[in-house]
Amino acid sequence: MGERRISSVPGMQDLAEPEAGLWRRIERRFVETCRRYGLEEVRTPIVEYEDLFSYSLGKSTEVVQKEMYSFPEATGRRLALRPEGTAGVLRYVSESRPATEDVRLFYYGPMFRRERPQAGRRRQFHQLGVELICAADPVADAECVALQVDVLRAAGLGNFVLRINTRGDLGDINRVTQGLRQQLHPFLPELCPDCRRRYETNVLRILDCKRDGCRRIVGRTPEPATYLSDASRSYIEQVYAVLDRLGIAFRVEPRLVRGLDYYAHTIWEVTHPGLGAQDAVAGGGRYVVQIGTRRIEGVGFAVGMERLIIALQREGAGLPGRREIRVWLAAVGEEARAANLKLACQLRAEGIACLVALRFQSLKAQMRAAAKSGAELVLIRGDEELRRGTIRLRELDSGRERDLPAGRVLEAVRGVLGPLGGRA
RNA sequence: GUGAGCGUAGCUCAGUCGGUUAGAGCGACAGGUUGUGGCCCUGUAGGUCGCGGGUUCGAGUCCCGUCGCUCACCCCA
């Protein structure tokens, strides 16, 4: 048993300041935006039974076949770390919500996929997600897209592209799949090895291939839309019409494909030019999933947090400022330290962020620390102040100092800091 | 799963043709007369040179393997 160096697990990273502050801000704005659309929060477990994902996402999908972290429970039944958020939310709906109710939900948290890490791709990644559980209706789909756009704007993102397409219903999907197989069959030898594999596993993906040779061949096949039933065509046209009325800019992307089996009808993807190869910052669509005996329909989307952060940084978004410390309590001597801690707690009770040294330090060291913390005020207390029952208040910008009776300190601090009530 | 590029201090990096005790800047900590910050000066701590093997009198440096990181393929948010 050789000792192994302790490190974080590949593809799973620590999140610390100042980035953590940016995450907090984005999550807060996400929640606010969702609330304006009347959504409720749901937090589902990170671990589910593996079958939930294989059935809902599709057994042959890449995610289920080779990207899931799964392991047997003591009983032998297999568990899995969730690779995406929708399945768990729908499981919750099937267990806890009446089938007749429309449900509007949002969630956020970590997801796990065993992929090779890359720019904008981690093994633990985080999504902000929304699910509107409701029957197929173009207006519902359009509202979901509107919320998608609002969520990204609220996060501060400007420069994204919304690409929309439809998969049609299950009948359409079958017709497209079969039709494409027929059309592509003669060209099979000319397709790249990946596409020859896709021909069997996931024909639609061939539409997405980046190789010139494959693109040329795909260009000669009819667009998937030609296989759509009249009803499906009319459905997506209505979605587009409502989006136009909302003034939402989007591009119809006839070759846009999604990788999970549950999608039907409207699908979309949001890309960002700053992202590199993994350029989808968000994606969503309408879906139908069978959970046990219940068939659940809805429309939803997920935003990739890590990618959103990258995109924001490419747009030059700044990180939030440093800590919110406003007062530093400096002590000379142990007696004064203890007295300061008590005062610090009183200040904190009033909402004033303040710090005391965690160990014995010279006054000089404490002053340095105070300046570095960004505090505006230092309260100094030593033997002399203890004897006289005073505290020295120093304003760091001006260097002005005055001695105050200890009982007056709270009032004086309030006066100097001005109206409280939290900085943004 | 496949391919390419990179691994030297907390961070950014230097390290000559293979040659002595591996360096700098920033950061951290401490000091610069009594109890006073920023600037400045001085000092201190911090390194299994990713890890293992090989070549060599001698390896941070060359070779092989391995692990990790990064980017791309694949796939997806």
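Per chain, numbering begins at 1; letters A, B, ... match sequence-line order. The figures here come from the full heavy-atom set of this structure, side chains too, leaving out hydrogens, waters and symmetry mates.
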Between A/Glu269 and A/Met367, just flag the one whose closest nucleotide in RNA chain B comes earlier from the 5' side. A/Met367

Between B/rA72 (C1') and A/Leu275 (CG): distance, integer Å: 15 Å

Please confirm whether A/Arg258 makes a cation-pi placement over A/Tyr263, using NZ or CZ under 6.0 Å from the six-membered ring centre and within 45° of the ring normal. yes

By the 4.0 Å heavy-atom rule, please label A/Arg381 as base, sugar-phosphate, or nothing. nothing

Ignoring hydrogens and angles, does a donor from either the side chain of A/Arg368 or the base of B/rG32 sit under 3.5 Å from an acceptor on the other? yes

Taking only the side-chain nitrogens and oxygens of A/Gln278, find out if one of them lies under 4.0 Å from OP1 or OP2 of B/rC71. no

Any A/Gln118 side-chain N or O less than 4.0 Å from OP1/OP2 of B/rA72: yes

Between A/Thr390 and A/Asp403, do the side chains contain a donor N or O and an acceptor N or O under 3.5 Å apart? no

Per the atom types in the model, does the base of B/rG1 pair as donor or acceptor with the side chain of A/Glu115 at under 3.5 Å? no

Using whole Å, what does the distance between atom C1' of nucleotide B/rA77 and atom CD of A/Glu67 come to? 12 Å

With sugar-phosphate meaning primed atoms plus P, OP1 and OP2, does A/Ala365 contact a base, only sugar-phosphate, or nothing at under 4.0 Å between heavy atoms? sugar-phosphate

Which part of the nucleic acid does A/Ala370 contact within heavy-atom distance under 4.0 Å: base, sugar-phosphate only, or nothing? nothing

For RNA chain B, which residues in residues 124-134 of chain A have a heavy atom at a distance below 4.0 Å? A/Phe125, A/Gln127

Below 4.0 angstrom from OP1 or OP2 of B/rC69, is there any side-chain N or O of A/Arg116? no

Please state whether the base of B/rG32 and the side chain of A/Lys364 form at least one donor-acceptor pair under 3.5 Å? yes

Considering only the C1' atoms, how many Å lie between B/rG25 and B/rA14, rounded to the nearest integer? 10 Å

Pair A/Glu131-A/Tyr287, side-chain donor/acceptor within less than 3.5 Å: yes

Regarding the side chain of A/Arg394, the nearest nucleotide among B/rC75, B/rU36, B/rG3 is B/rU36

Can you check the A/Leu57 CG to B/rC75 P distance for me, whole Å? 16 Å

Classify the angle between the aromatic ring planes of A/Trp23 and A/His126 as parallel (below 30°), tilted (30 to 60°) or perpendicular (above 60°). perpendicular

Residue closer to the 5' end of RNA chain B, A/Phe360 versus A/Glu395 (nearest nucleotide): A/Phe360

Counting any heavy atom closer than 4.0 Å, what does A/Arg198 reach on the DNA or RNA strands: base, sugar-phosphate only, or nothing? sugar-phosphate

